Structures are given as C-alpha cells and as structure tokens.
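Residue numbers count from 1 along this sequence. Heavy-atom basis, side chains included; hydrogens, waters and symmetry copies ignored. In this text the structure is predicted, and so the values were computed from the model without any measurement.
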Amino acid sequence: MKKRLIARFILIAYSALLIKVMVFKSMPLIRIGPLMFRVGGTHDGPANVVPFKTILPYLLGEKGVIIGFINLAGNIALLVPAGFIIPVVFKRITWKKSLALAVAAGLTIEGIEAVLHVGIFDIDDIILNGLGVMIGYWLFRLLAKKGRSLKHKHIIDEI
C-alpha cells in the first residue's frame, strides 16, 4: 500500500513536470541567476494530422541528424517513465490499457498545446509519446518478471 501511495505521488509530480516541459516549453524551465534554460519549439503553423509526416524526414536526416535525434528521442524518452510508473500505480493494467492511456495522454498534451497556442498539434508526437509509454511499460514488465524469477530462484536455493 505504501509503495503504491509513493508511486501515485511520483506519477502526479512527474505528470506536472511533463506538462511543464512539453506544453509550456517556452517558459523558463530553470532559472539560475541570469541563466534561463528553455526547451523551445515552434508555436505557429498548421496542425499535422498525417502520421509519419514529420517522423520520416527526421529519420532520413533531412532536418539534420542532431535535430532529428533530439526530436525523436526526446518525444520517446520523456514518456518512458510514465510507462514504467503506471503499472506500479495500477496493478492490473494490461498493455492494451497502457497503450490507450498513452494515446489519451498524447492527445491531451497536443490538445492543450493547440488550444492554448503554445505549440502545434502533431499526430507524430502522439505516436512517439505512445512509443515511449510502451517502452516504459515493457521495461517494467521485463524487470518485474526478472525480479520474480530471481526471488523464486533464491527461495528454491534455500530449500
């Protein structure tokens, strides 16, 4: 019970930080004296509702290898912790429910950006965010299975 309560707190804090980084990215993230660290992006332009329209040029290096890597890896990596924390909070969550939650989270983030005019709605971001959640989910499942295996092996060794 205590682990789940801590996990819920971590999920709420992580969600708040995620919204700050992904939605309100043009506001200063950290201010240390005169230094302000920003994670800025484009705020104007048409919505992208065509899957892989922005992903493919990044993969092909058309926008620059570094920019492509940062965009793709960033949109994936930012949601991996969510996929890892969610099964701790919701014990009976399946991969299908995790995927639905990932899509809902992505739609929420992109919707808020569009409504508040702080970003552009991009279906590719939802795809990448969903991939991040699923990577986190499968990592959690893999580590949980490994942990159970080691625990059972230890018990068998003692007998």
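- Nearest heavy atom pair, residue A7 against residue V88, reads CB-CG1, 3.3 Å.
- Residues that satisfy the side-chain hydrogen bond (donor to acceptor under 3.5 Å, both in side chains) test with R141, not counting sequence neighbours, are Y137.
- Within the 3.5 Å criterion, the main-chain N or O of D122 finds a donor-acceptor partner in the side chain of E110.
- Under a hydrophobic clustering in which Ile, Leu, Val, Met, Phe, Trp and Tyr are joined whenever their side-chain heavy atoms come within less than 4.5 Å, directly or via other members, I85 and L99 fall into the same cluster.
- Between R92 and K97 the shortest side-chain heavy-atom distance does not fall below 4.5 Å.
- By the 4.5 Å side-chain criterion applied to Ile, Leu, Val, Met, Phe, Trp and Tyr, V50 is assigned to no cluster and stands alone.
- Contact annotation: the side chain of V80 never approaches that of V133 to less than 4.5 Å [non-hydrogen atoms, C-beta and beyond].
- Here side chain to side chain donor-acceptor pair (under 3.5 Å) pairs that include residues 5-16, with residues two or more places apart or in two chains, number zero.
- Summarising the geometry of F84 relative to L139, their closest heavy-atom pair is CE1-C, 4.0 Å, with the distance given to 0.1 Å.
- In this structure, the side chain of N129 does not engage the main chain of I76 through any donor-acceptor pair within 3.5 Å.
- For the atom pair L56 CG and K53 NZ, the distance stands at 12.0 Å (nearest 0.5 Å).
- With respect to T54, the side chain to side chain contact (heavy atoms under 4.5 Å, CB included) criterion is satisfied by exactly one of N71, D124, I120: D124.
- Residues T108 and A104 approach most closely at OG1-O, 2.7 Å, considering heavy atoms.
- Looking only at side-chain heavy atoms (C-beta outward), N48 and F121 stay at 4.5 Å or farther from each other.
- Heavy atoms only, all atoms of each residue included: L18 and I109 are closest at CD2-CD1, 4.3 Å.
- Residue F52 is not grouped with residue V103 when hydrophobic side chains (ILVMFWY) are merged at heavy-atom distances under 4.5 angstrom, including chains of intermediate members.
- Clustering ILVMFWY residues whenever any of their side-chain heavy atoms sit less than 4.5 angstrom apart, transitively, puts M22 in a cluster other than the one holding I127.
- Pairing each heavy atom of G130 with each of A102, the nearest pair is CA-CB, 3.7 Å.
- More than 12 heavy atoms of other residues, nucleotides or ligands lie within 6.0 Å of CH2 in W138, so this atom counts as buried by the packing criterion.
- Hydrophobic clustering, with ILVMFWY side chains joined whenever heavy atoms are under 4.5 angstrom apart, keeps L78 apart from F69.
- Around atom CG of L60, more than 12 heavy atoms belonging to other residues, nucleotides or ligands sit under 6.0 Å away.
- Put simply, L131 and L72 are part of the same group of oily side chains (I, L, V, M, F, W, Y) that touch within less than 4.5 Å, one to the next.
- For the pair F9 and I6, the minimum side-chain heavy-atom distance is 4.5 Å or more.
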